[in-house]
Amino acid sequence: QVQLVESGGGLVQAGGSLRLSCAASRSSSIFSINNMGWYRQAPGMQRELVADISGGGITNYADSVKDRFTISRDIAKNTVSLQMNSLKPEDTAVYYCNAVARNGPTNYIFWGQGTQVTVSS
């Protein structure tokens with residue numbers, strides 16, 4: 001199993017910045033973590049990808065956050081961070097850390113508990 005613990009959410013005014021962090025811990029050494037990323041879910045909306053990053057450092061962003069958010073990863077520490085700048089009210093959501101881990105031939109998906117980000121206008 002992989003446990004994901006997020007931190008860094010909060011309330012910020014529009015135009016401000018927040019940094020989210022997620023620490024992954026593996027209860028079994030047979031899990032190797034591949035992609036890590038961030039998703040978000042606003043009230044009444046489906047969960048959507050914000051950004052993800054592969055083990056090789058390849059990043060992928062939702063169009064709505066490109067040029068404002070930056071995802072980064074520390075492979076050695078099993079952490080992933082999301083620097084969010086120029087925040088907008090529409091960025092308000094619960095943000096979830098995500099990890100795709102492999103155990104032999106099988107991929108497993110793990111989620112954090114979520115952290116609230118609220119952007120006031």
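Note that these values count all heavy atoms, side chains included, but never hydrogens, waters or copies made by symmetry. When a residue number appears, it is its place in the shown sequence, counting from 1.
Between the CD atom of Glu6 and the OG atom of Ser21 there is a distance of 10.5 Å, given to the nearest 0.5 Å. Arg19 contributes atom CZ, which lies 9.5 Å from atom CG of Asn85 (distance to the nearest 0.5 angstrom). One finds the CZ atom of Arg68 at 7.0 Å from the OG atom of Ser86 (value rounded to the nearest 0.5 Å). Of the inter-residue distances, the one linking Arg26 atom CZ with Ile33 atom CD1 reads 5.5 Å to the nearest 0.5 angstrom. Rounding to the nearest 0.5 Å gives a distance of 10.0 Å between OG of Ser121 and CD of Glu90. To the nearest 0.5 Å, atoms CZ (Phe69) and OG (Ser81) are separated by 14.0 Å.
A pairwise comparison of heavy atoms in Arg40 and Ser64 identifies NH2-OG, 3.4 Å as the closest pair. Nearest heavy atoms, Leu4 versus Ala24: CD2-CB, 3.5 Å. The two residues Cys22 and Met36 come nearest to each other via the heavy atoms SG-CE, 4.5 Å. What you find for Met84 and Leu20 is that their closest heavy atoms are CE-CG, 3.7 Å.
Hydrophobic clustering (ILVMFWY, side-chain heavy atoms < 4.5 Å, transitive): Leu87 and Val94 are in distinct clusters. One hydrophobic cluster, built from ILVMFWY side chains closer than 4.5 Å, cannot hold both Met45 and Val117; they sit in different ones. In terms of hydrophobic clustering, with Ile, Leu, Val, Met, Phe, Trp and Tyr side chains grouped at heavy-atom distances under 4.5 Å, Val80 and Tyr108 are assigned to a common cluster.
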_Verdict with supporting geometry, Val100 and Asn98, side-chain contact (heavy atoms from CB on, under 4.5 Å)_ = CA-CA 7 Å; Val100 179; Asn98 165 276; 4.1 Å; yes

*Please test Val50 against Tyr95 for side-chain contact (heavy atoms from CB on, under 4.5 Å), starting from the C-alpha separation and ending with a verdict.*
CA-CA 9 Å; Val50 176; Tyr95 284 68; 4.0 Å; yes

*Can you list the steps and then say if Asp52 with Tyr61 is a side-chain contact (heavy atoms from CB on, under 4.5 Å)?*
CA-CA 7 Å; Asp52 63 15; Tyr61 294 93; over 6 Å; no

*Candidate pair Gln83 and Ser72, rule side-chain contact (heavy atoms from CB on, under 4.5 Å), full reasoning*: CA-CA 8 Å; Gln83 178 65 42; Ser72 59; over 6 Å; no

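Ile58 belongs to no hydrophobic cluster with other residues, because no ILVMFWY side-chain heavy atom falls under 4.5 Å from its own, directly or through intermediates.
One N or O on the side chain of Asp74 and one on the backbone of Lys77 form a donor-acceptor pair closer than 3.5 Å. Within the 3.5 Å criterion, the main-chain N or O of Gly104 finds a donor-acceptor partner in the side chain of Arg102. Thr92 places a side-chain N or O within 3.5 Å of a backbone atom of Val119 that can act as its donor or acceptor partner. Between the side chain of Gln41 and the main chain of Gln46, no donor-acceptor pair closer than 3.5 Å is present.
At a threshold of 4.5 Å between non-hydrogen side-chain atoms, the residues Lys88 and Val65 do not count as touching.
The ring-ring contact (aromatic ring centres under 6.0 Å, His included) search around Tyr39 returns Trp111, not counting sequence neighbours. Under the rule for a ring-ring contact (aromatic ring centres under 6.0 Å, His included), Tyr96 has no partner lying at least two apart in sequence or in another chain.
Exactly one of Leu82, Ile75, Ile71 qualifies for a side-chain contact (heavy atoms from CB on, under 4.5 Å) with Ile53. That residue is Ile71.
A side-chain N or O of Thr118 and one of Gln116 form a donor-acceptor pair less than 3.5 Å apart. If you check the side chains of Asn35 and Ser54, you find no donor sitting under 3.5 Å from an acceptor.
Using a 4.0 Å cut-off between charged side-chain N and carboxylate O, Asp63 and Lys66 make a salt bridge.
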